[in-house]
Undergrad: 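Below you'll find the structure I mean.
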Amino acid sequence: MKQSQLFTRTKKEAPSDEVAKNAQLLIRAGFIHKEMAGVYAYMPLGLRVLENIKKIVREEMNAVGGQELMMTTLQPKEIWEKTDRWDDAKVDNWFKTKLANGAELGVGLTHEEPIVDAVSNYLNSYKDMPFAVYQIQNKFRNEKRAKSGLLRGREFLMKDMYTFCRDQAQHEQEYEKIVAAYYKVYDRLGLGDITYRTYADGGIFTPRFSDEFQTLSEVGEDTIYVDEKKRVAINEEILTDENLEKLDLKRDELVQKKGVEVGNTFHLESKYTNALDLYYSDENGEKQSIVMGCYGIGVSRLMGVVAELFADDKGLVWPENIAPFAVHLLNLGENEEAEKIYAELKSKGIEVLLDDREVSAGEKFADSDLIGIPWRIVVSKKSLAAGGIEVKKRSENESKIMTVEALLQMLNK
Ligand code: ATP
Ligand code: MG
């Protein structure tokens with residue numbers, strides 16, 4: 001893509017009411033547009049990053065047998081009444097609306113009830129299980145405070161997966177398989193080393209703990225206690241002597257940290273399936289309860305986390321896996337040569353943003369740093385005289401002169 005054609009522009013300032021670093025940078029660089037607090041639109045650069053994150057999540061969920069579907073955002077009240085959640089006072093962040101005839105609807109904030117309702121058309125035998133379904137879809141939550149940019153949206157993108165198993169043993173297998181897939185997702189986003197499986201409240205359905213995935217960050221809203229040796233943590237919310245003993249953790253081996261919850265997986269037992277009257281027949285034709293699990297990943301929150309954590313004082317620094325483009329090619333007055341290199345890189349399948357704008361070199365460099373594409377390539381009289389192009393990694397300070405062939409070889413690695 002040519003930057004002269006990109007309709008977004010970089011900005012010197014973010015909106016004055018935007019206090020979160022991730023959103024300030026993403027807005028200034030033209031990745032997102034702030035519609036209102038906690039509600040952001042994705043511009044072309046931002047959508048590229050979001051799609052790259054979705055692709056990683058999708059690949060890892062598919063790899064453990066997940067089948068992708070898409071549920072609806074509008075949900076009838078009746079299915080939520082069956083589980084007593086429609087009027088549950090604990091669910092205080094639900095957007096609700098009405099049809100013209102007065103019938104009440106919920107706006108999707110999670111999907112356990114609708115999923116069970118849909119699955120009940122197809123599931124009746126032990127032979128149908130185990131299976132896992134998931135979606136990547138906008139969720140709506142009327143969050144009280146939405147001041148953290150993409151980290152806390154009122155409209156945000158979530159991956160939610162649901163498993164259906166014939167018994168507890170089968171459920172445990174599915175559950176651990178999916179947890180392993182979660183680690184792969186965080187690894188591929190460059191967050192593996194700082195993301196901890198964290199014991200947390202299991203919710204109202206089960207006496208068991210849930211597993212949160214907490215990425216260490218000073219901007220995190222959760223306080224967690226990390227056991228470095230075991231590479232696990234426990235959320236402050238459930239930090240009691242009794243729980244420490246149950247989990248075989250010792251208080252004096254734990255270090256207090258701040259974390260951002262980037263995922264959460266739950267054991268749901270048979271709470272929803274029983275309430276919605278979904279059972280299966282075993283080998284003897286006897287009616288049995290289904291064991292369910294649910295598994296969330298904050299897709300748009302992850303984009304905010306990566307933006308926030310990897311940024312430096314000049315701007316965004318995208319990991320190669322999710323960057324909007326692989327290469328930012330800056331043309332400093334060498335149109336013909338730059339166009340040639342642009343065409344060659346594109347023909348080799350490399351995604352390039354060519355800065356062909358009629359602006360100063362200083363502005364091009366500053367914008368390139370702000371946008372944060374992993375490789376910056378400069379074509380100038382000076383670079384050509386030195387024998388090629390000047391190549392610099394966004395995350396490093398040193399640049400090197402090399403030929404286009406050498407660059408291609410390096411990018412292929
Ligand atoms: P939180 O405690 O941060 O409010 P939650 O526990 O209510 O989150 P879950 O219902 O577990 O959230 O949702 C699954 C995942 O979706 C979370 O782990 C998080 O990564 C993401 N998520 C939840 N709420 C938001 C939000 N308001 N904005 C962005 N991502 C969110
Ligand atoms: Mg959670």
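Reckoned from all heavy atoms, side chains included, excluding hydrogens, waters and symmetry mates. Note that ligands are numbered from 1 as they come in the structure, with each ligand's atoms numbered from 1 the same way. Note that the structure is predicted; figures quoted are calculated from it, not measured.
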Undergrad: Taking 2.8 Å as the distance threshold, tell me the number of protein N/O/S atoms next to the Mg ion (ligand 2).
TA: 2
Undergrad: Does Glu221 approach ligand 1 within less than 4.0 angstrom via side chain, backbone, both or neither, non-hydrogen atoms only?
TA: neither
Undergrad: What is the closest protein heavy atom to atom 12 (O) of ligand 1, and at what distance does it sit?
TA: Arg141 NH1, 3.3 Å
Undergrad: Measuring only between side-chain heavy atoms, which start at C-beta, is Ile373 closer than 4.5 Å to Arg394?
TA: no
Undergrad: Measure centre to centre between the rings of Tyr134 and Tyr295, then say whether the value is under 6.0 Å.
TA: no
Undergrad: Under a 4.0 Å heavy-atom limit, does Arg152 contact ligand 1 with its side chain, its backbone, both, or neither?
TA: both
Undergrad: Would you mind checking if Glu236 and Lys258 are paired as a salt bridge, meaning a charged N to carboxylate O distance below 4.0 Å?
TA: no
Undergrad: So that I know where these two stand, are Phe131 and Phe164 an aromatic pair - ring centroids less than 6.0 Å apart?
TA: yes
Undergrad: Can you tell which part of Leu302 has a heavy atom less than 4.0 Å from ligand 1: side chain, backbone, both or neither?
TA: neither
Undergrad: How close does the nearest protein non-hydrogen atom get to atom 21 (C) of ligand 1, and which residue and atom is it?
TA: Gly298 CA, 3.6 Å
Undergrad: Is Lys34 close enough and on-axis enough to Tyr40, meaning under 6.0 Å and within 45°, for cation-pi?
TA: no
Undergrad: Please list the nearest protein heavy atom to atom 24 (N) of ligand 1 with its residue and the distance rounded to 0.1 Å.
TA: Phe156 CZ, 3.5 Å
Undergrad: Should the ring pair His171 and Tyr175 be called parallel, tilted or perpendicular, given that the plane angle runs from 0 to 90° and is split at 30 and 60?
TA: tilted
Undergrad: When you measure from the centre of the six-membered ring of Phe213, is the NZ or CZ of Arg197 under 6.0 Å away and within 45° of the axis?
TA: no
Undergrad: Counting each atom of ligand 1 from 1 as listed, which ones have a heavy atom of Leu151 under 4.0 Å away?
TA: 28 (N), 29 (C)
Undergrad: Quick one: does Arg301 get an N or O within less than 3.5 Å of an N or O on ligand 1?
TA: yes
Undergrad: Check the surroundings of atom CD in Gln173: do more than 12 heavy atoms from other residues, nucleotides or ligands lie under 6.0 Å from it?
TA: no
Undergrad: Taking 4.0 angstrom as the limit and counting only heavy atoms of Glu143, give me the atoms of ligand 1 inside it, by number and element.
TA: 24 (N), 26 (C), 27 (N)
Undergrad: Could you tell me whether Arg141 sits above the aromatic face of Phe156, with NZ or CZ closer than 6.0 angstrom to the six-membered ring centre and within 45 degrees of the axis?
TA: no
Undergrad: In ligand 1, which numbered atoms sit nearer than 4.0 Å to a non-hydrogen atom of Gly153?
TA: 26 (C), 27 (N), 28 (N), 29 (C)
Undergrad: Any chance the rings of Trp318 and Phe31 have centres within less than 6.0 Å?
TA: yes
Undergrad: Hey, are the side chains of Tyr182 and Thr195 touching, using non-hydrogen atoms and a 4.5 Å cut-off?
TA: no
Undergrad: Have a look at Tyr186 and tell me which of Ile297, Asp193, Val305 forms a side chain to side chain contact (heavy atoms under 4.5 Å, CB included) with it.
TA: Ile297
Undergrad: Under 4.0 Å, heavy atoms only, figure out whether ligand 1 is touched by the backbone of Glu261, its side chain, both or neither.
TA: both
Undergrad: Does either side chain, that of Ser281 or that of Ser125, offer a donor lying less than 3.5 Å from an acceptor on the other one?
TA: no
Undergrad: Quick one: nearest non-hydrogen protein atom to atom 14 (C) of ligand 1, plus distance?
TA: Met158 CE, 3.7 Å
Undergrad: Does ligand 1 have an atom that lies less than 4.0 angstrom from a heavy atom of Gly263?
TA: yes
Undergrad: Does Val262 have a non-hydrogen atom less than 4.0 Å from ligand 1?
TA: yes
